[in-house]
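Okay, structure first, notes after.
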Number of protein chains: 2
Amino acid sequence: MLLRIDPESSAALYDQIAGSVRREVAAGRLPAGERLPSARDVAEALDVNLHTVLKAYQQLRDEGLVEMRRGRGAVVSARADALAELRADAAALAARARSLGVSGETLAALVRAAAED
Amino acid sequence: MLLRIDPESSAALYDQIAGSVRREVAAGRLPAGERLPSARDVAEALDVNLHTVLKAYQQLRDEGLVEMRRGRGAVVSARADALAELRADAAALAARARSLGVSGETLAALVRAAAED
DNA sequence: TAGTTGTTATAGATGAACTATAACACTTCG
DNA sequence: CGAAGTGTTATAGTTCATCTATAACAACTA
């Protein structure tokens, strides 16, 4: 499990961490049932405060991507398998968008809008 | 053209405005060549500062979604037609994600990751 | 020329983000 | 049981992006 952050980025640290985890899950490197590294470990590894990592984890919990409990840690939910299923379709859509000159940010916004209708 | 913002939302105002415009474009209600309302008009209508609107417009310009020039205003670029083409595919993907219990935010993150690979 | 547009500059106020520390509640394991 | 590890909650302080306000400037249109 490799989590990366860019301190220079304007994006919030906890958003970067959450995004990094989503990426691992979507890639299948974090299958359902797998435990995420403890927030304290991640905080130390990334040289970041514990709360910042926990805020990222809670964001993922609110999305239903992980389940959290005291003493047990954060575990990837069964929904992760569904995500992996969608990956190929998402890649195809991204490829088509690229060939049309549409940016990733614009495409993501389009998808989000479609999902919320 | 209807732009809406939620002052209570935690999302930045300029992100909400940019997202609102993307939505209009994706829905085809803002076709290529169409002019966006002037930043000053939007600022007054939404009771927001001029700079906040301009920051949203510049974000859209950086994405290539609009073209801006002094005196002329912001015009939807030809790329908007490509966006409309992608709309059906995005809707299909969103529907599939919903049936799998995957949130819009998670799906958008997945797509963004796919687009940036 | 007059009016409208985006652009740039400066400066201040506010609040989210991030940090630091500590204690607490629950689970697992020896 | 006790110890160690987990997420949770609380408090408090610092930093910095966001948002505002005002003003002037440059390019385009009518």
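So that the names make sense, note that chain A is the first sequence line, chain B the second, and so on, each numbered from 1.
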(request) Taking salt bridge (Lys or Arg N to Asp or Glu O under 4.0 Å) as the test, write out the residues that go with A:Glu34, two or more places apart. (result)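 A:Glu34: no salt bridge (Lys or Arg N to Asp or Glu O under 4.0 Å) contacts found.
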(request) May I ask you to evaluate whether B:Arg35 reaches the phosphate of D:dT29, defined as a side-chain N or O under 4.0 Å from OP1 or OP2? (result)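 Result: no.
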(request) For D:dG5, take OP1 and OP2 only and decide whether either is under 4.0 Å from a side-chain N or O of A:Ser38. (result)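 No, A:Ser38 has no side-chain N/O under 4.0 Å of OP1/OP2 on D:dG5.
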Just how far, in rounded Å, is [atom2] of [N] from [atom1] of [X]?
{"X": "B:Tyr57", "N": "C:dT7", "atom1": "OH", "atom2": "P", "result": "11 Å"}
{"X": "B:Arg61", "N": "C:dG6", "atom1": "CZ", "atom2": "P", "result": "11 Å"}
{"X": "A:Asp62", "N": "D:dT8", "atom1": "CG", "atom2": "P", "result": "10 Å"}
{"X": "B:Glu44", "N": "C:dT5", "atom1": "CD", "atom2": "P", "result": "11 Å"}
{"X": "B:Leu54", "N": "D:dT20", "atom1": "CG", "atom2": "P", "result": "12 Å"}
{"X": "B:Leu60", "N": "C:dG6", "atom1": "CG", "atom2": "P", "result": "12 Å"}
{"X": "B:Glu67", "N": "D:dC28", "atom1": "CD", "atom2": "P", "result": "14 Å"}
{"X": "B:Asp41", "N": "C:dG3", "atom1": "CG", "atom2": "C1'", "result": "13 Å"}

(message) Each nucleotide in nucleotides 17-30 of chain C should get exactly one letter: B, S or -. Can you fill that in based on protein heavy atoms under 4.0 Å?
(response) SSBBB-B-BBSS--
In chain order, what residues pass the side-chain contact (heavy atoms from CB on, under 4.5 Å) check against [X], with sequence neighbours excluded?
{"X": "B:Ser9", "result": "B:Asp6, B:Ala11, B:Gln16"}
{"X": "A:Asp62", "result": "none"}
{"X": "A:Arg40", "result": "A:Ser38, A:Leu50"}
{"X": "B:Ala82", "result": "A:Leu100, A:Val102"}

Quick test: give all pairs of protein nitrogen or oxygen and nucleotides 12-15 of chain C nitrogen or oxygen below 3.5 Å, distance rounded to 0.1 Å.
none

(message) Can you pull out every side chain to side chain donor-acceptor pair (under 3.5 Å) where at least one residue sits in residues 82-93 of chain A? Sequence neighbours excluded, please.
(response)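 Found A:Asp89-B:Arg96.
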(message) Going by side chain to side chain donor-acceptor pair (under 3.5 Å), name the pairs with one or both residues in residues 102-111 of chain B, residues two or more places apart or in two chains.
(response)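 Qualifying pairs, neighbours excluded: A:Glu63-B:Thr106, A:Arg112-B:Glu105, B:Ser103-B:Thr106.
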(message) Keeping A:Arg98 on the side-chain end and B:Ala115 on the backbone end, is there a donor-acceptor pair under 3.5 Å?
(response)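 Yes; judged by distance alone, with no hydrogens or angles, the pair exists.
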(request) Decide yes or no on side-chain contact (heavy atoms from CB on, under 4.5 Å) for B:Leu65 and B:Leu83, but give the supporting numbers first. (result) CA-CA 9 Å; B:Leu65 202 61; B:Leu83 242 197; 3.8 Å; yes
(request) Under the side-chain hydrogen bond (donor to acceptor under 3.5 Å, both in side chains) rule, collect the residues that match up with A:Arg79, sequence neighbours excluded. (result)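 So A:Arg79 forms no side-chain hydrogen bond (donor to acceptor under 3.5 Å, both in side chains) with any residue.
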(message) Using the side-chain hydrogen bond (donor to acceptor under 3.5 Å, both in side chains) criterion, which residues pair with A:Asp15? Sequence neighbours excluded.
(response)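 side-chain hydrogen bond (donor to acceptor under 3.5 Å, both in side chains) list for A:Asp15, sorted by chain: A:Gln59.
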(message) Can you give me the bend angle of the helix from C:dT1-D:dA30 to C:dG30-D:dC1? Use the axis through the first five pairs and the one through the last five, nearest 10 degrees.
(response)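 End-to-end axis angle: 50°.
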